[in-house]
Amino acid sequence: MTINPDNERKTSAHETNEENVVEQEKALGTSSNEKEIKTKPLAEHGEDAKEEAQERNIVKEMEIVEQYEEKTAGFWIRFWAFLTDGLIVGAIISIFIKPIFYFLGLDLFSSDWYAPITIVSGIIYYGYFILMTKFWQQTIGKMIFGIKVKPLKEEKLSWGTVLFREFVSRFINNTIWITYLFVVIVPKNKGIQDFIADTIVVHENVYVKNEQKIFKEKIIDINPSNEQTV
């Protein structure tokens with residue numbers, strides 16, 4: 001068997017080159033296999049990297065929006081309107097109902113809830129508030145002081161809303177007088193009747209400015225098309 005010296009020299013030279021490459025890669029701290037491992041995740045997660053880059057370009061900007069809304073009616077103006085309505089109802093009962101009871105010989109001074117004068121007076125009292133609020137959104141007292149009832153979830157006051165507000169809620173307020181003070185402490189001067197019926201009492205043609213802060217997302221291109229990133 002003959003050995004070709006030239007082939008032997010080529011083989012030894014090739015092995016020597018491979019050893020030099022391995023030594024250079026070790027000196028750099030990176031092998032060819034490690035390069036493939038590092039570049040592979042970038043290829044696999046290329047879309048995620050783009051999404052993360054886009055997310056970094058999104059910023060939030062605060063914008064102040066000015067809105068005008070009707071001014072809510074406070075405790076005292078509603079109190080004077082209610083007092084005026086009470087005088088009106090009392091005048092109606094005194095002028096029209098009591099003379100009839102007097103001529104019929106019925107008791108005018110009974111304080112029992114089932115007494116005829118009490119029942120008729122109650123019908124006139126609640127009927128006054130229900131009918132005036134349903135058809136005009138305000139009683140005569142509210143008209144005098146320039147305030148009205150406004151629904152929050154309806155375009156117009158429905159019968160159900162008015163009955164809850166002017167009968168059920170008013171009965172509670174007349175039974176427990178301290179509930180009238182809700183108007184003082186609750187935001188937007190909402191009374192218990194407003195909570196039950198989803199209403200609010202506002203001034204007519206009086207508006208207040210309300211500023212609201214709105215945060216908007218905006219995409220900023222931090223890498224223009226004429227520039228290249230490394």
Side-chain angles (χ1 to χ4, degrees), residues 69-208:
E69 58 184 16
E70 292 173 299
K71 183 181 179 181
T72 57
F75 172 79
W76 285 111
I77 194 167
R78 292 173 68 168
F79 171 78
W80 293 117
F82 174 71
L83 187 62
T84 303
D85 290 324
L87 294 174
I88 293 171
V89 173
I92 294 172
I93 294 172
S94 298
I95 295 172
F96 297 103
I97 305 302
K98 286 186 177 181
I100 296 174
F101 272 65
Y102 177 78
F103 285 113
L104 294 176
L106 299 175
D107 188 4
L108 296 173
F109 304 102
S110 176
S111 59
D112 296 329
W113 67 267
Y114 53 83
I117 188 64
T118 305
I119 294 174
V120 173
S121 298
I123 292 173
I124 293 173
Y125 174 83
Y126 289 107
Y128 168 83
F129 284 99
I130 290 171
L131 295 176
M132 293 292 294
T133 304
K134 176 64 179 74
F135 293 107
W136 290 281
Q137 289 186 262
Q138 52 190 176
T139 58
I140 296 175
K142 287 184 174 69
M143 290 179 185
I144 293 172
F145 289 93
I147 59 178
K148 66 178 180 180
V149 180
K150 181 181 177 182
L152 295 178
K153 296 183 179 180
E154 301 172 322
E155 292 184 3
K156 290 183 65 177
L157 290 169
S158 64
W159 279 107
T161 299
V162 173
L163 288 173
F164 270 106
R165 189 183 196 281
E166 302 298 337
F167 181 71
V168 177
S169 303
R170 194 167 293 279
F171 179 80
I172 295 172
N173 285 333
N174 291 338
T175 305
I176 309 172
W177 283 85
I178 196 171
T179 55
Y180 278 111
L181 296 178
F182 273 46
V183 179
V184 179
I185 59 177
V186 174
K188 294 189 176 182
N189 305 115
K190 294 181 69 173
I192 188 172
Q193 64 272 27
D194 296 314
F195 277 107
I196 293 176
D198 286 325
T199 57
I200 195 170
V201 180
V202 297
H203 289 268
E204 291 185 292
N205 303 321
V206 179
Y207 297 86
V208 293

I want to check something: taking the side chain as every heavy atom from C-beta on, are [X] and [Y] in contact at a cut-off of under 4.5 Å?
{"X": "L181", "Y": "I178", "result": "yes"}
{"X": "N174", "Y": "F171", "result": "no"}
{"X": "I192", "Y": "N173", "result": "yes"}
{"X": "T133", "Y": "Q138", "result": "no"}

Open item on the list: Aromatic contact between F82 and Y180, with the criterion being ring centroids under 6.0 Å apart: yes or no?
Closed with: yes
Drop me the distance from [X]'s [atom1] to [Y]'s [atom2], to the nearest 0.5 angstrom.
{"X": "K148", "Y": "E70", "atom1": "NZ", "atom2": "CD", "result": "5.0 Å"}
{"X": "F145", "Y": "I77", "atom1": "CZ", "atom2": "CD1", "result": "7.0 Å"}
{"X": "L163", "Y": "S169", "atom1": "CG", "atom2": "OG", "result": "10.5 Å"}
{"X": "I172", "Y": "F167", "atom1": "CD1", "atom2": "CZ", "result": "10.5 Å"}
{"X": "N205", "Y": "H203", "atom1": "CG", "atom2": "NE2", "result": "11.5 Å"}
{"X": "I117", "Y": "I100", "atom1": "CD1", "atom2": "CD1", "result": "9.5 Å"}

- [ ] Kindly state each residue pair satisfying salt bridge (Lys or Arg N to Asp or Glu O under 4.0 Å) with at least one member in residues 75-85, sequence neighbours excluded.
- [x] R78-D194
Task: Side-chain donor or acceptor of T72 paired with backbone N/O of N189 under 3.5 Å - done: no
Open item on the list: Using only atom types and a distance under 3.5 Å, with no angle test, would you say the side chain of D112 pairs donor to acceptor with the backbone of Y114?
Closed with: no
TODO: For the pair M132 and I140, evaluate side-chain contact (heavy atoms from CB on, under 4.5 Å) and give the outcome as yes or no after the intermediate values.
DONE: CA-CA 8 Å; M132 293 292 294; I140 296 175; 3.6 Å; yes
Task: Cation-pi geometry met for R170 and Y126 (6.0 Å, 45°) - done: no
Task: Cation-pi check, K190 onto F195 ring (under 6.0 Å, within 45° of axis) - done: yes
Task: Which atom of V183 lies closest to which atom of G74, heavy atoms considered - done: CG1-C, 4.0 Å
TODO: Take atom NZ of K134 as the centre, draw a 6.0 Å sphere, and report whether it contains more than 12 heavy atoms from other residues, nucleotides or ligands.
DONE: yes
- [ ] Assess whether atom CH2 of W113 is packed by more than 12 heavy atoms of other residues, nucleotides or ligands within 6.0 Å.
- [x] no
- [ ] Verify side-chain contact (heavy atoms from CB on, under 4.5 Å) between V149 and L157, making sure each step is shown before the conclusion.
- [x] CA-CA 9 Å; V149 180; L157 290 169; 4.2 Å; yes
Open item on the list: I'd like to check the side-chain hydrogen bond (donor to acceptor under 3.5 Å, both in side chains) partners of E154; sequence neighbours left out, ordered by chain and number.
Closed with: S158, T161
